[in-house]
Engineer: 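Pasting in a structure now, in structure tokens, and then I'll have a few things to ask.
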Amino acid sequence: MRDNNEMPRRGAPDFQLLILTLLLVGFGVVMVFSSSSSITLVSERFQYDPMYFTKRQLLFGALGLFGMLITMNIPYEKYKKLFIPVFILAIVLLMFVPFVGAINGASSWITLGKFGIQPTELAKVTTILYLSALISKKGERFRDLRTGYIPVMVIVGFVAGLIMLQPDLGSCFILVATAGLVIFAGGANLKHILGSILLLIVGASIVLGAGALIDKINPSDVVDTASGGANYKIGRFQAYINPWDDPQGTGFSLIQSLTAIGHGGLTGTGFGQGIQKLHYLTNSYNDFIFAVIGEEFGFIGTLIFLLFYLYFIWRGILVSLRSSTIFGTLTGVGIMGLIAIQAFINIGGVTRTIPVTGVTLPFISYGGSSLLVMMVAMGIVLSISRQSSLPTKQERTKSVVVKQASYDLNTSRRR
């Protein structure tokens with residue numbers, strides 16, 4: 001006979017986090033339609049279909065939901081080994097991607113038929129899993145420079161170097177920043193972290209300086225449409241410093257972005273009523289989708305969206321911190337940190353807080369690889385929430401069983 005007090009092996013996923021994820025994806029689909037329909041409706045390239053990008057986003061959203069449900073139902077501890085073949089695949093694809101054609105000045109895509117795969121998105125998540133598994137395995141030995149810290153940084157540096165070969169400065173920074181967050185949360189020696197940051201700054205300065213010098217001596221023919229046709233290595237930095245120096249070139253997209261946000265005012269123009277997306281704002285459905293949100297929903301709507309986004313990230317981190325294992329905590333914090341850092345870089349570029357780097361706004365921007373990988377990653381966080389919800393329930397059940405047993409024993413003695 002089965003014991004009625006027997007607890008299930010796994011708990012329920014965090015309902016709030018699941019609903020928040022689905023709401024973000026749904027809002028993203030709506031905004032992709034709003035920001036792209038006017039462009040695709042009049043373009044032969046997109047078959048005059050106002051739903052061209054929306055249908056694709058819905059397709060990848062459905063695939064992402066399927067993947068999220070699968071990863072959510074796999075005990076997260078199994079990802080310590082399951083991620084290895086995917087990590088190797090991501091490395092192989094990153095090594096291959098520089099040999100394919102460049103898009104907007106960067107070779108970041110591998111085209112399969114009508115769809116493209118961006119291996120960088122896969123590399124971000126698998127690197128988090130790698131770091132979490134290695135740090136949890138090493139334990140206190142991770143604080144040792146030679147046997148713990150350096151091997152971890154070698155792998156991170158190798159992956160970051162492959163991304164820079166594309167070149168994709170934005171994704172490289174996101175990967176390094178997220179890895180730094182996981183390493184810090186894993187208890188690395190603060191001196192080692194500060195030393196790595198110093199080396200990173202020096203190395204980045206040398207690479208960027210050398211690249212600028214080479215381009216000055218031998219200008220590249222590669223153009224960056226997002227920065228108005230300027231050389232992709234310096235155009236966006238020039239636009240950040242003063243976009244009005246070249247309003248029809250390097251500063252065009254950023255000026256249109258700021259104009260859209262300013263036009264939105266306090267309450268916005270209304271959903272679908274934005275003007276800058278009408279062939280003014282470059283990549284309005286992708287890199288600059290936040291500008292469309294700002295124009296159509298205004299300051300109030302944008303503030304609500306940002307507060308919603310912050311609550312979603314806070315909820316994911318809270319769920320991760322409740323995990324009973326180091327691996328679960330580091331994985332969850334790393335994934336939510338990845339989302340937060342990428343969102344900050346996207347919004348920061350659109351609002352001229354930082355230079356534009358051409359990364360998507362997670363769950364909102366059009367992008368099949370990004371949406372699919374992010375939803376699968378959220379499935380892992382939800383798996384962590386299922387496991388972390390068990391200890392409290394089990395302890396409460398054990399307490400009830402012990403009390404019941406004690407009561408039965410006392411009753412029998414009285415008899």
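Along the sequence shown, the residues carry numbers beginning at 1.
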Engineer: How many angstroms lie between atom CZ of Phe344 and atom CG of Leu361, to the nearest 0.5 angstrom?
Structural biologist: 13.0 Å
Engineer: Could you list all the side chain to side chain donor-acceptor pair (under 3.5 Å) pairs where at least one residue sits in residues 153-162, not counting sequence neighbours?
Structural biologist: none
Engineer: Scan residues 23-32 for pairs that pass side chain to side chain donor-acceptor pair (under 3.5 Å), counting only residues two or more places apart or in two chains.
Structural biologist: none
Engineer: Between Phe53 and Phe46, does the ring centre distance come in under 6.0 Å?
Structural biologist: yes
Engineer: For residues 16-28, which side-chain donor-acceptor pairs fall under 3.5 Å, sequence neighbours excluded?
Structural biologist:
unit_1: Gln16; atom_1: OE1; unit_2: Tyr311; atom_2: OH; d: 2.4
unit_1: Thr21; atom_1: OG1; unit_2: Leu17; atom_2: O; d: 2.8

Engineer: Assess the residue pair Val86 and Tyr79 against the criterion (side chain to side chain contact (heavy atoms under 4.5 Å, CB included)); give the C-alpha distance rounded to whole Å, side-chain angles, the decisive distance to 0.1 Å, and a yes or no.
Structural biologist: CA-CA 10 Å; Val86 186; Tyr79 290 111; over 6 Å; no
Engineer: Are Gln57 and Tyr285 close enough that some pair of their side-chain heavy atoms sits under 4.5 Å apart?
Structural biologist: no
Engineer: Do any N or O atoms from the side chain of Ser35 and from the backbone of Ile289 form a donor-acceptor pair under 3.5 angstrom?
Structural biologist: no
Engineer: Could you pull out all residues at least two apart from Ser43 that satisfy side chain to side chain donor-acceptor pair (under 3.5 Å)?
Structural biologist: none
Engineer: Checking Thr267 side chain against Gly298 main chain: does a donor-acceptor pair fall under 3.5 Å?
Structural biologist: no
Engineer: Fit a plane to each ring of Phe271 and Phe297, take the angle between them on a 0 to 90° scale, and name the class: parallel (under 30°), tilted (30 to 60°) or perpendicular (over 60°).
Structural biologist: tilted
Engineer: Please walk me through it: do Val350 and Ile261 pass side chain to side chain contact (heavy atoms under 4.5 Å, CB included)?
Structural biologist: CA-CA 9 Å; Val350 170; Ile261 295 172; 4.1 Å; yes
Engineer: Quick one: does any side-chain atom of Asn286 pair with a main-chain N or O of Ser365 as donor and acceptor, under 3.5 Å?
Structural biologist: no
Engineer: So, taking the atom named CE in Met164 and the one named CG in Leu94, what distance separates them when rounded to the nearest 0.5 Å?
Structural biologist: 13.5 Å
Engineer: Among all residues two or more places apart in sequence or in another chain, which pass the ring pair (Phe, Tyr, Trp, His ring centres under 6.0 Å) test with Tyr309?
Structural biologist: Phe305
Engineer: When rounded to the nearest 0.5 angstrom, what is the spacing between CD1 in Ile347 and CD in Gln342?
Structural biologist: 11.0 Å
Engineer: Say you draw a straight line from NE2 of His263 to OG1 of Thr269; how long is it, rounded to the nearest 0.5 Å?
Structural biologist: 6.5 Å
Engineer: Among residues two or more places apart or on two chains, list those pairs meeting salt bridge (Lys or Arg N to Asp or Glu O under 4.0 Å) that have a residue in residues 66-94.
Structural biologist: Glu77-Lys80
Engineer: Taking CZ in Phe308 as the centre, count heavy atoms belonging to other residues, nucleotides or ligands within less than 6.0 Å. Is the count above 12?
Structural biologist: yes
Engineer: Would you say Ile128 and Lys124 make side-chain contact, with heavy atoms under 4.5 Å?
Structural biologist: no
Engineer: Does the side chain of Val32 reach to within under 4.5 Å of the side chain of Arg56, using non-hydrogen atoms?
Structural biologist: no
Engineer: Give me the atom names and distance for the closest heavy-atom approach of Ala291 to Ala260.
Structural biologist: O-CB, 3.8 Å
Engineer: Carefully, step by step, assess Phe288 and Val356 under the rule side chain to side chain contact (heavy atoms under 4.5 Å, CB included).
Structural biologist: CA-CA 10 Å; Phe288 288 92; Val356 174; 4.1 Å; yes
Engineer: Please round to the nearest 0.5 Å and tell me the distance separating atom CE of Met31 and atom OG of Ser284.
Structural biologist: 9.5 Å
Engineer: Does any N or O in the side chain of Thr329 come within less than 3.5 Å of the main-chain N or O of Ser320, such that one atom is a donor and the other an acceptor?
Structural biologist: yes
Engineer: If the condition is ring pair (Phe, Tyr, Trp, His ring centres under 6.0 Å), which residues does Phe290 pass it with, not counting sequence neighbours?
Structural biologist: none
Engineer: Once you round to the nearest 0.5 Å, how far does CD1 of Ile275 lie from OG of Ser38?
Structural biologist: 11.5 Å
Engineer: Evaluate whether atom CG of Leu318 has more than 12 neighbouring non-hydrogen atoms of other residues, nucleotides or ligands under 6.0 angstrom away.
Structural biologist: yes
Engineer: So, do Asn346 and Val359 sit near enough that their side-chain heavy atoms are less than 4.5 Å apart?
Structural biologist: yes
Engineer: Taking only residues two or more places apart in sequence, or in another chain, which ones meet Gln276 in a side chain to side chain donor-acceptor pair (under 3.5 Å)?
Structural biologist: Gln256
Engineer: Are the side chain of Ser383 and the backbone N or O of Ile74 linked by a donor-acceptor pair below 3.5 Å?
Structural biologist: yes
Engineer: With the side chain counted from C-beta on, respond yes when Asp49 and Lys55 share a heavy-atom pair under 4.5 Å apart, and no when they do not.
Structural biologist: yes
Engineer: Going by the side chain to side chain donor-acceptor pair (under 3.5 Å) test, which pairs reach into residues 126-138, not counting sequence neighbours?
Structural biologist: Ser132-Thr331
Engineer: Any salt bridge (Lys or Arg N to Asp or Glu O under 4.0 Å) involving residues 293-308? Give me the pairs, sequence neighbours left out, ordered by first then second residue.
Structural biologist: Lys277-Glu296
Engineer: Which atom names give the shortest non-hydrogen contact between Gly316 and Val381, and what distance separates them?
Structural biologist: O-CG1, 4.3 Å
Engineer: So do the side chains of Leu165 and Leu162 get within less than 4.5 Å of each other, counting heavy atoms only?
Structural biologist: yes
Engineer: Not counting sequence neighbours, list each pair that qualifies as a salt bridge (Lys or Arg N to Asp or Glu O under 4.0 Å) and has a residue in residues 14-35.
Structural biologist: Asp14-Arg315
Engineer: Contact between Tyr366 and Thr54 at the side-chain level, heavy atoms closer than 4.5 Å - yes or no?
Structural biologist: no
Engineer: Return all side-chain donor-acceptor pairs below 3.5 angstrom for residues 170-177, not counting sequence neighbours, or 'none' if the list is empty.
Structural biologist:
unit_1: Ser171; atom_1: OG; unit_2: Asp168; atom_2: OD1; d: 3.4
unit_1: Ser171; atom_1: OG; unit_2: Asp168; atom_2: OD2; d: 2.8

Engineer: Under 3.5 Å, side chain of Arg322 to main-chain N/O of Ile317, donor-acceptor pair present?
Structural biologist: no
Engineer: Taking the side chain as C-beta and beyond, is there a heavy-atom pair between Met336 and Trp314 under 4.5 Å?
Structural biologist: no
Engineer: Using atom types as modelled and distance alone, determine if a side-chain donor or acceptor of Thr259 lies under 3.5 Å from a backbone N or O of Ile255.
Structural biologist: yes
Engineer: Stepwise, does the side chain to side chain contact (heavy atoms under 4.5 Å, CB included) test hold for Leu69 with Phe66?
Structural biologist: CA-CA 5 Å; Leu69 293 175; Phe66 180 70; 5.7 Å; no
Engineer: Taking Thr178 for its side chain and Gly337 for its backbone only, find out whether a donor-acceptor pair lies under 3.5 Å.
Structural biologist: no
